[in-house]
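A short write-up of the structure that comes next.
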Amino acid sequence: METVFLSRYEQRVKLVEDVVKTNSPLSAEQAHELAIRLLRTLEEIPEKIR
């Protein structure tokens with residue numbers, strides 16, 4: 001069995017993607033793209049405000 005490495009960022013993308021897929025009619029590809037956009041947007045918010 002081969003171990004697949006996922007970075008912490010990839011893990012976060014997968015988590016958000018799963019939530020989006022579960023709660024919307026978006027396809028897997030659309031959910032993945034939205035997850036990336038959401039994470040990028042959240043990362044741009046200054047930590048003091050988060």
Side-chain angles (χ1 to χ4, degrees):
M1 183 176 206
E2 189 174 319
T3 302
V4 178
F5 175 78
L6 289 176
S7 69
R8 293 192 62 122
Y9 175 76
E10 291 169 324
Q11 292 172 7
R12 288 192 303 271
V13 169
K14 180 70 174 140
L15 176 66
V16 175
E17 180 182 341
D18 290 345
V19 170
V20 170
K21 282 193 299 190
T22 302
N23 296 292
S24 74
L26 297 177
S27 69
E29 184 178 330
Q30 291 171 324
H32 181 77
E33 291 173 8
L34 181 57
I36 290 171
R37 291 182 68 188
L38 287 169
L39 286 174
R40 285 182 181 163
T41 300
L42 289 172
E43 289 170 358
E44 290 178 3
I45 298 172
E47 195 164 334
K48 288 182 179 181
I49 296 174
R50 284 191 259 163

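Basis for what follows: all heavy atoms, side chains included, without hydrogens, waters or symmetry-related copies.
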Measure across A35 and V13 and return the closest heavy-atom pair with its distance rounded to 0.1 Å. CB-O, 3.7 Å

Hydrophobic clustering (ILVMFWY, side-chain heavy atoms < 4.5 Å, transitive) - are V20 and Y9 grouped together? yes

Do you know the tightest heavy-atom contact between E17 and A28? OE2-O, 3.8 Å

From R40 CZ over to I45 CD1, what is the distance, rounded to the nearest 0.5 angstrom? 15.0 Å

Return the NE2 to OG distance between H32 and S27, rounded to the nearest 0.5 Å. 11.0 Å

Interatomic spacing from CG in L34 to CG in L38 - rounded to 0.5 Å: 4.0 Å

Could you check whether atom CD of E29 has more than 12 heavy atoms from other residues, nucleotides or ligands sitting under 6.0 Å from it? no

Return the CD to CD1 distance between E10 and I36, rounded to the nearest 0.5 Å. 10.0 Å

